[in-house]
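Here the structure is laid out as structure tokens; the discussion comes afterwards.
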Number of protein chains: 2
Amino acid sequence: MQTHCPVHTTINLIDSKWKILILRDILQGPQRFGVLKRSITGVSSKMLSQSLREMEKDGLINRTVFSEMPPHVEYSLSELGNSMRPIIMAMESWGLQYLDKV
Amino acid sequence: MQTHCPVHTTINLIDSKWKILILRDILQGPQRFGVLKRSITGVSSKMLSQSLREMEKDGLINRTVFSEMPPHVEYSLSELGNSMRPIIMAMESWGLQYLDKV
DNA sequence: GTAACTAGTAACTAAAAAGTGCCTAATTTT
DNA sequence: AAAATTAGGCACTTTTTAGTTACTAGTTAC
């Protein structure tokens, strides 16, 4: 493996369980913080916001704030994030087959 | 997300950087411990053997011992492990495109 | 006679990741 | 007037993960 290994490059951006699950959810369309939190079993506010911030920094997602009270924030996929769709789909179809066998 | 989410199922089996890099290497053919260690920059013996043992337990790889001195052990993909090829390939091609842009 | 080779293991320590509880803001609902 | 609502931030503690060093075995090469 070298610094330029493409597989390594990819997993550096989605190296946590949470990020992949976030991606999976936002692939369905823009999602709000609270919705993500309820959807992703076991994630804490802290971990969710930390992951979201990193993914935003990495350019995978966009964060849109609606200046209202109570706050309203939406997370959507960037073009880059959307280009990861095949990875998540590959995981999904693998998982489906696997669950079928077990 | 539920217990049965296929994406979640999948990442539970390859939830670490090391495992994915191990998979990437063994997809090329059976590999010895020492070869993997030298190929995967930064991995320690401990982490490598730990990851390998887990992947073996999960049925992703096979471990073949040649009773010789010095020891000779080969790790190869099981059918299940091989079926993950599309996931790694998806990561690889994503990474290639990404590296191209950056 | 000792060093090198391979594929690890065990014990201990350090570092990173994650959990917990408490706090905020402006408006609506009870 | 108090409570709920939303999207987190902050400080502190626990848990998990990973690094470090030393050790093993049987044979060959020096």
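Proteins come first, then strands; the chains are lettered A, B, ... in the order of their sequence lines, and each starts at number 1. What you see is a predicted model; the values in this text were computed from it and never measured.
Of the candidate nucleotides C:dT9, D:dT6, D:dT20, C:dT9 has the atom lying nearest to any side-chain atom of B:S49. Distances were taken from every side-chain heavy atom of B:H72 (C-beta onward) to each of C:dG19, C:dA7, D:dA7; the shortest belongs to C:dA7. The side chain of A:R53 lies closest to D:dG9 when the candidates are C:dG8, D:dA7, D:dG9. When the nucleotides D:dG8, C:dG8, D:dG26 are ranked by their closest atom to the side chain of B:F33, C:dG8 comes out on top. Listed nucleotides: D:dT27, D:dA7, D:dG19. Nearest to the side chain of A:P71: D:dA7. Of all nucleotides listed (D:dG8, C:dG19, D:dA18), D:dG8 comes nearest to the side chain of A:S45. Nearest to the side-chain atoms of B:P70 among the listed nucleotides C:dT6, D:dA7, D:dT20 stands C:dT6.
A:P71 and A:R32 make their closest contact through O-NH2, 3.4 Å (heavy atoms, listed as atom of the first residue, atom of the second, distance).
Checking B:Q50 against A:S44, the closest nucleotide of DNA chain C that is more toward the 5' end is the one next to B:Q50. Along DNA chain C, the nucleotide nearest to B:E74 and the one nearest to A:V43 differ in position, and the one closer to the 5' end is contacted by B:E74.
No side-chain N or O of B:S78 forms a donor-acceptor pair with one of B:N62 less than 3.5 Å apart.
Here B:R63 reaches the OP1 or OP2 of C:dG8: one of its side-chain N or O atoms lies under 4.0 Å away. The phosphate of C:dT6 (OP1 or OP2) has no side-chain N or O of B:R32 nearer than 4.0 angstrom.
Taking a pair as Watson-Crick or G-U with both hydrogen-bonding distances under 3.5 Å, the stems of three or more pairs touching DNA chain C are C:1-5 with D:26-30, C:7-30 with D:1-24.
Here the side chains of B:W94 and A:L13 are in contact, with some heavy-atom distance below 4.5 Å.
Residue-level contact check: B:F66 touches neither bases nor backbone, having no heavy atom under 4.0 Å from any strand. When heavy atoms are screened at a 4.0 angstrom cut-off, A:K46 is found touching base atoms of the nucleic acid.
By the criterion of side-chain heavy atoms lying less than 4.5 angstrom apart, applied directly or through intervening Ile, Leu, Val, Met, Phe, Trp or Tyr residues, B:I87 is not grouped with A:M89; the two fall into different hydrophobic clusters.
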